[in-house]
There are 2 protein chains.
Amino acid sequence: MNAVNGHTPAHPKSRGAARRAARRRPTIDDVAAVAGVSRGTVSRALNGGRYVSPSSLAAVERAVRDIGYTVNVNARSLVTNQSNTVAFVLSEAPEHLFNDPNLGVLLLACTKALADHDFSLILMIAESATARDRTLRYVRGGHVDGVLLISTHGGDPILSALEHGNVPAVACGRPLDVAIPYVAADDREGARQLTRYLRERGCSQIGTIAGPQDTAGGIDRLAGFRDVLGRKAVKRLVAYAPDFGHAAGEAAMTELLERNPHLDGVFAASDQLASGALATLRRAGRRVPDDVAVGGFDDTSVAATTDPPLTTVRQPLDQVAKELVEVLLGLIRRQPMSSRVLPTELVVRHSA
Amino acid sequence: MNAVNGHTPAHPKSRGAARRAARRRPTIDDVAAVAGVSRGTVSRALNGGRYVSPSSLAAVERAVRDIGYTVNVNARSLVTNQSNTVAFVLSEAPEHLFNDPNLGVLLLACTKALADHDFSLILMIAESATARDRTLRYVRGGHVDGVLLISTHGGDPILSALEHGNVPAVACGRPLDVAIPYVAADDREGARQLTRYLRERGCSQIGTIAGPQDTAGGIDRLAGFRDVLGRKAVKRLVAYAPDFGHAAGEAAMTELLERNPHLDGVFAASDQLASGALATLRRAGRRVPDDVAVGGFDDTSVAATTDPPLTTVRQPLDQVAKELVEVLLGLIRRQPMSSRVLPTELVVRHSA
DNA sequence: CTGAAAGCGCTAACAA
DNA sequence: TTGTTAGCGCTTTCAG
């Protein structure tokens, strides 16, 4: 109906729109005016292009490029009632958090996986009670379409809060005591793999540094260890670490060594625990892997830089992230989604 | 004008609003109806409470609590044209990125600092050309009020793209060749501190493992080293690492040792480089710090877990984050803001 | 396939 | 101090 180029202002809107477009950020009306179609057609063209003639579609695309139009997400979200944004919620003391090198990798991978679906990730920390309240308010306030929950400890208040909420949510790692769909690596089988490997390697006195028993990782990795060693996994051979860090690994290794002077193998529930164990062993004058073989878990960046490099169990973190996003997006589309457990892989280096 | 309790529907809106409130997410009109005031009054009460009588204010607050109202940010943003959201943009190959333990700390600290101002952080990765385009489109599309730029390498296309853009932006670390306000630790002075310490400690043959020379950290830390050693810092005593990682540190240390068998001190431009240097030195049979004293930079978590623990230079990352946010928020308010350089601190452990 | 028009929930300008 | 009203930019019926 109207001229396609802006030089021939046919109906009044065209002129107004064009002039305004010079100063303000262009709107859909500006596109419509330039493309010579109605606002509705532009909208349809922008959202899938259904019920739009090829010529209109082309005109719109051209106009969009010409005037550099980008949709105003707020206006769109106001009417569609969805934001194309998900919250990545960390519910733990932040100091601990980024000591775990897994977290950064996961965060990055989720961001990228979401970007592939045109979703953005907003990072929220819920370490204190007030922060948790703010997060919950924010999430429930409809600012995000769903939640990616990174909660390590059991009894996390934010988990139960989200459990019965109407906000789609998926947890990374099996949540304790809560029925929320999750995606996790197969911790238990991974622990079995490494423990079996130690045994086949000839270790006869294998101990374990177990992670905190209020985390799924801590519990399942110990369970896997016991699956393999059965009755032999006597109390004496298990040392419990209060967290997954280096210092805890040093302490637990000291304890294990005192109780079992003839130990010749150790499975630590994380690479950092293993790195601490290595430090203690060196101080005790034990050679690794000759005197004592050591295995870790996670295959984080630290595994490659210890001396000797760690034999460990790789978690498929990229895959975890991908599936986390897949499940959440499904949930957002109101599809029924179930939890997924991903296989781990033994990575043999030099410590065992 | 109207009854305060919902049982006495006086004007039509009240009834409709109340009924709708039962099913839908409550709106400002629902609050108005319940509080017995107009929508405008509610809005004013919600935004600062100016020009609102104490009694109205109380009524509104009560109504908000009663019906569990939360503002619809999209509607608000649509009219105010600001989102209370900033983008945290990473412009580098992500694999490298979270090897740097600083990054996680910074990200967390920024998130918290922003939360204190009721801003949210959205994470964006601009590693590839297409990702960069998407990021730029997103940022310019008005989805965020400003940008926190974490760019390490010089010549980053996203920097120049943002330099003359009208989007408020602040960089973490001094950007190379670009005039964008930034917040950074005083790398040069930090390097001087450590180098002086090595000299005062009695080292007479001090080498350095320099970081990549297309990063401000790499350049400035080397400059600081030279400031102290002056002419003595001959070429022979400098080894260049292609990145800040452990493996690069091992290689550079090997090189340094070959060229200078009598070396008795090393300043590495990062903790991870230093950790690599430690590994090489151990393999070479040199004792640290007795034969060779080693210093790192950053005071990341690795510094505490090496053997021996690293003497290093602490960057005040929490403070950096805080000021980063302060500057960005100022910029968003259209206040003129200038760059800030923060002092570093020498942390003495056992490696030197 | 297309255009017109009705809101989405909110803020801000204006009149009272 | 308050209520009324006009949009913000967009999607989505609903007629045509």
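Letters go in sequence order (proteins before strands), and every chain restarts at 1. Note that the coordinates shown come from a computational prediction; the quantities given were computed from them, not determined experimentally.
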Inset, instruction - Assign B:Val52 to base, sugar-phosphate, or nothing according to its heavy-atom contacts below 4.0 angstrom with the strands shown. - result: sugar-phosphate
Inset, instruction - Give B:Ser56 one of three labels, base, sugar-phosphate or nothing, depending on what nucleic acid heavy atoms sit under 4.0 Å from its own. - result: sugar-phosphate
Legend entry - Donor-acceptor contact present, side-chain A:Asn84 to main-chain A:Asp118, <3.5 Å: yes
Whole Å only: how far is the [atom1] atom of [X] from the [atom2] atom of [N]?
{"X": "B:Asn74", "N": "C:dG9", "atom1": "CG", "atom2": "P", "value": "11 Å"}
{"X": "B:Asn81", "N": "D:dG9", "atom1": "CG", "atom2": "P", "value": "7 Å"}
{"X": "A:Gln82", "N": "C:dG9", "atom1": "CD", "atom2": "C1'", "value": "17 Å"}
{"X": "B:Arg25", "N": "C:dC8", "atom1": "CZ", "atom2": "P", "value": "14 Å"}

Legend entry - From D:dT2, C:dC10, C:dC8, nucleotide with atom closest to B:Asn72 side chain: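 Nearest to the side chain of B:Asn72 among the choices is C:dC10.
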Inset, instruction - Give the nucleotide from the list C:dG3, C:dC1, D:dG3 with an atom nearest to the side chain of A:Tyr51. - result: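 Nucleotide nearest to A:Tyr51's side chain: C:dC1.
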Legend entry - Residue pair B:Val52 / B:Val37, side-chain heavy-atom distance below 4.5 Å: no
Inset, instruction - Heavy atoms only: give me the nearest B:Asp145-B:Ile332 pair and the separation to one decimal. - result: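 Heavy atoms only, the tightest pair is O-CG1, 3.5 Å.
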Inset, instruction - Respond yes when some side-chain nitrogen or oxygen of B:Ser38 is under 4.0 Å from OP1 or OP2 of D:dG3, and no when none is. - result: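 Yes, B:Ser38 has a side-chain N/O under 4.0 Å of OP1/OP2 on D:dG3.
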Inset, instruction - Indicate whether OP1 or OP2 belonging to C:dT2 is found under 4.0 Å from a side-chain N or O atom of A:Ser53. - result: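 Yes.
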Inset, instruction - Kindly write out the residues that satisfy side-chain hydrogen bond (donor to acceptor under 3.5 Å, both in side chains) with A:Ser53, not counting sequence neighbours, or none if the list is empty. - result: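 Counting only residues at least two positions away or on another chain, A:Ser53 forms a side-chain hydrogen bond (donor to acceptor under 3.5 Å, both in side chains) with A:Ser55, A:Ser56.
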Inset, instruction - Measure the angle between the two terminal helix axes of the helix from C:dC1-D:dG16 to C:dA16-D:dT1, five base pairs each, and quote it to 10°. - result: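 The angle, to the nearest 10 degrees, is 40°.
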Inset, instruction - Please round to the nearest 0.5 Å and tell me the distance separating atom CG of A:Leu90 and atom CG of A:Leu123. - result: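 Nearest 0.5 Å value for the CG-CG distance: 5.5 Å.
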Legend entry - Contact list for residues 52-92 of chain A, test ring-ring contact (aromatic ring centres under 6.0 Å, His included), sequence neighbours left out: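 Sorted result for residues 52-92 of chain A: empty, none.
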Inset, instruction - Can you sort out the partners of B:Ala115 under side-chain contact (heavy atoms from CB on, under 4.5 Å), two or more places apart, ordered by chain and number? - result: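 Expected list: A:Arg134.
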Legend entry - Polar contact flag, side-chain donor to acceptor under 3.5 angstrom, B:Asn81-A:Arg25: no
Legend entry - Under 4.0 Å protein heavy-atom contacts per nucleotide of nucleotides 11-16 of chain D, with B for base, S for backbone only and - for none: BBB---
Legend entry - Most 5' of B:Arg50 and B:Leu78 on DNA chain D, judged by nearest nucleotide: B:Arg50
Legend entry - ring-ring contact (aromatic ring centres under 6.0 Å, His included) against B:Tyr138, all qualifying residues, sequence neighbours excluded: B:His143
